[in-house]
Amino acid sequence: MSISKTDTTGAQTVAPATIASVRGLKVHFRSKAGRVHAVDGVDFDVRDGETLGLVGETGCGKSVTGRAFLRLLPVPPGILAGGSVMFRPQTSCGGCGGEGCAQCGGSGRRPTPCPTCRGQGCPDCQGTGAETLDLLKVSDKQMRGIRGDRIAMIFQDPGKALNPTLTIGEQLGEVFLQHRSVDLLEEAGIDSGESGFQAGALRRLAGQRDRRTDRMAAALWPPLRRRAQSVRQALDNRIAAALGETQIPNPRNIMRSYPHELSGGMRQRVMIAQALACDPDLIIADEPTTALDVTVQARILDLIGQLQAKRGSSVIYISHDLSVVRRICDRVAVMYAGRVVEIGETDQIFNDPRHPYTKGLLAAVPTTRTPRGKLAAIPGSVPELVDPKPSCRFADRCAQVHAACTASDPILSAVNPGHDVACFLEHPTSPKTEAAE
Amino acid sequence: MANTNIEGAPIRRRQDSALRVRLRRGGELLGLILSNPTTVFGLILIFGMLGMALFAPWLTQANTPDPYQMPRDWGALRMPPGTPGHPLGTTNTGGDVLYGVIWGSRTSLQLSIVVVGVTVVIGTAIGSIAGMVGGKVDEILMRIVDVFLSIPELIFALAIAAILGPSFTNIILSLCLVFWVKYARIMRAQIILVKQNDYVDAARVIGDSRLNIYFRDILPNAATPLVVQATLDMGAIVLIGATLSFIGLSESGIAEWGVLVSEGQAGIASGRWWASTFPGLMIFLWALAFNLLGDGLRDALDPRTESRR
Amino acid sequence: MTDMSRLPTPEQASEAASGSVLSLRGISKHFPIRAGALQRVVGHVRAVDGVSFDIRPGETLGLVGESGCGKTTLGRLASGLLSPTSGGSYFNLDTAALSKLNAAYALPEDARAAALAPLEAAHGIATMPKAAQSRFRRNCQMVFQDSFSSLNPRHLVIDIVGRPLRVHKEASGEALTERVVELLEQVGLGRQHLYRYPHQFSGGQRQRISIARALALDPELIILDEPTSALDVSVQAQILNLLNDLQAERNLAYLFVTHDLSVVEHMADRIVTMYLGRVVEAGPTRTLFDAAAHPYTRALIAAKPDLAVDDPQVAKFAALDGSIPDPARPPRGCHFHTRCPVATPNCGWELDDIVRLLERSEDLFESLSDVSRHSDFAGELAFEDEGSAERLAQALRSDATPASMRSAMESLTVDGRTLRVRFQEVGEVQLSDRGPDHIAACVIKDA
């Protein structure tokens, strides 16, 4: 995959509205009891520059779906059982160099042109002219290039996601060395055309491909040492800038500290800095504020929103907290038992929920208006997803269950423009398409 | 109440009982242990050797007056395996190797059961006191443990046995004095870990006594690593016991594998391999068997596998 | 407080309240910090520092605050799991005894002991006779947050729920089984669950088992330590409804410890807000949500996302600056002044606040070489070079420093490489009356 900033000359890219689309994603886990269908046919699109909320209760498959984007699944028990996650990486806009212009709609980014047709439109890219990768099928090497660079992840527990034995600076530096070594060398005044041992050693050092001799030379040979230090300087500047952007006070001091020396909110800022370091196209935030106090949560949510607006990245925000999702998301997908049961604009979901599960979830949250002891609880608990039968997964907890619900699978179809629901109450004539598959 | 039976499962007609459920659970656990072929192999070996120990008087003619002394056939010194009356050959001093192998299993069993039994009890008691009482008591007990641990087990046991004088009983005694330390440490660490569980606090809120909480909540949940360690040590102790016997800290002439290996080793150079090899093989199999079982137990009793079910 | 037909108004509550189930007075818990090879005590974390409140029969008292504010420790102190470093907890006081207790605590300290003695002997958790202590144990139960860890994995449900009955010799054999079934049915489980292990249940069901165990001895008070924060919303709603139903049936009092403002608003009659080990505000739920007197309570409430607000734009994020200060060295005056959006010069600005400011700036902190204190409010900061001292002085006089902090400085002089500074001395902020049944610890009185 190319991340180069050039090559858009003469390319006529049709800007697609979606940056990623998930189709029929299935992730299964092997267990003693049988095959657990943790994610079982999930479809949704992520539009360019939007924040998509993925909400649902424990075990609904929302985190697994998020992790599937980066293939971060425990491989022995987890099986990618089918479907696709198509992703269109972006590149800095050629017209304005990332400043934002009419050509790119002000975002400063545009889709990477398809390598086969150079953006002219061909069968490979379905005529869009944009490079489209199936994240489930790309090579491991390509995936490593995408992780942290084009797609980044913010984890729920920053205490666990940060390595306790490395300083913050070392961990953040890793990202730049992995994906931005060319820029670092450029900033340190090392020309890409330069050859010889010095340049080679510096390149290897900056690309984390250093040999023992390189390290020895950098330590002992003064000219190389000076130049290695200037690379180091460039790296430190980048790290400090990344930390500074997340409103961490005194970033140079923080760089030298270890994760345990920071508070939870601070650690989450570091995680966000790490995720945003390479200016990714898509950020997957998996419950980033669940471990934090409300007052800190508000700050972090603000921060994510601001940074996203500034950079025009798209965000998949995974959360169980409906009120948070409502605040920050443009669109919301409600998941239940491995399926998306309802997807739509935030307003549509919260003001006009159609699926009984969505309605139930909304009613179950205590609000100022609910009388005490009269919360509308959904009876029962989430079903076990071991070899499920073709029926609505919500049927056994649903108050409006009828014959069709237990006979076949409802599929997502539109009730309003942009608002899809998988429920037989909305689509009484739904054909048994799923059963045929 | 608004929300009654949330499971919605039909009430079972057949009367369940605590005993039946516990038996079923025990059965499940046994099934889990037996589902691992290497564990089963270890168990077969152990049962084989236990059988050998149990039926020793029927397998061979017991020596009189003390069956644990090797019978001497002064007419058949250094005979190779296959000699009539001596299927595994004889030693330098005319001892029947087969007799030594069979009655040696009794000695080894005695050694490991006594040592493991005594040390587990002592270690559990001391570790429990340290972990439950804490503070100064814990501090003092653990410093004592540290002193013991700073000397290698084998050397320590060797020194004690040497001071007490060469005899098999003294080997048992010296091993008892050395081995409890490990259990005390494991137990203390486990108890401190288990004590943090909310169910211990829940029992205190109910008003249960400390002793009750220890026996009902803490000890059963802390015991697993100790059981695994003890199983592994059943093998290790025979190895160490054999080592001590080998270097002559046991009475000579006793039917014990280490002693036999020791007495036979002089002959290996001149081609008389059998006097050392067969008892040596028994030591190896014994240690292997308990290691396999210990590993199997560890996998089966691991709380992570428990919660997965 | 939304269901007006069932719940008395605050005024009625304070009149009708027949004493208290549990009263805490000046209760503190300090954990020693040990360091070095000899594990010498180098300081104390004041997890709970002089907290007083009453839990009245049949009411739900919400205890809220951020993580690390001491609310969980306080819950454990109330349940008797931890013994306090100082202060007392008193159980089962009738109206007369409660007023005697309050009178005793109004006395100066030297006279207090004598007045307290009879109350201590009859009601003090640590000092009352054995029989009364056992009665307290039966009447004060607890439900924990983590339903995995709060049920012994090796015990069957019948053993777990029946255990309190066995311990207090209430029932055995067939009678015990029947009592346990009864309890399980009350929490929405049934006879079919008797002989199962905890790991066979879902999180919500395990929490029901915990509640059944707490109900077994028919207590008057249950301490709920974040009982629903590990649960999903739909299951949380089930448990909250169950807790409400049980309270109505049995006239239970709850001490509801939680960080979730939405839940506490839904559940509590009164709320106590804690910050860094102290109560900063206490009052009826509606009063606190509509007119909180302490800026910290207001910040907590504002930060709470609420689904009921239709327009998400209306609910502006209210966020607090900075993080919670080190509880081993809490700020002077009002603990909250370091993060307070409406701090005044009288809030307890001190030398440490300058150090906190320094930590946020890059190079100044590096060149700080020594801090010598005359008191918490006055001292000298020595730098490695004169420029740094001067720059700090400028920063302290500029807008980079909160205005209230600037006005709290009585003097600020640079003398070569040292910076002398003195703040006005301020005592601790006391809780004061703000309305019926409503107290707050804030220097701003007319908020």
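Reminder, nothing fancy here: chain letters follow the sequence lines and each chain counts from 1.
Across every non-hydrogen atom of A377(A) and S234(C), the tightest pair is CB-O, 3.9 Å. Looking at every heavy atom in both residues, P371(A) comes nearest to H266(C) through O-CE1, 3.3 Å.
Heavy-atom distances place no part of T228(C) under 4.5 Å from chain A, backbone and side chain included. Of the atoms belonging to L362(A), heavy atoms from both backbone and side chain fall under 4.5 Å from chain C.
To the nearest 0.5 Å, the span separating OG on S262(C) from CG on D321(A) amounts to 8.0 Å. N241(C) CG to R372(A) CZ: the interatomic distance, rounded to the nearest 0.5 Å, is 11.5 Å.
Pairs passing the salt bridge (Lys or Arg N to Asp or Glu O under 4.0 Å) check and including a residue from residues 238-250 of chain A, sequence neighbours excluded, read D183(A)-R238(A), E187(A)-R238(A), E245(A)-K310(A), E245(A)-R311(A).
Partners of H337(C) according to the ring pair (Phe, Tyr, Trp, His ring centres under 6.0 Å) rule, which considers only residues two or more places apart in sequence or in another chain, are W349(C).
Most heavy-atom pairs under 4.5 Å with chain C: of the set S323(A), G264(A), S263(A), this distinction falls to S323(A).
Shown are E265(C), M267(C), Q236(C); of these, the side-chain contact (heavy atoms from CB on, under 4.5 Å) with P366(A) is made only by Q236(C).
The number of heavy-atom neighbours closer than 6.0 Å to CZ of R391(C), taken from other residues, nucleotides and ligands shown, is above 12.
Counting only distance, with no hydrogens or angles, the side chain of D232(C) and the backbone of T58(A) share a donor-acceptor pair below 3.5 Å.
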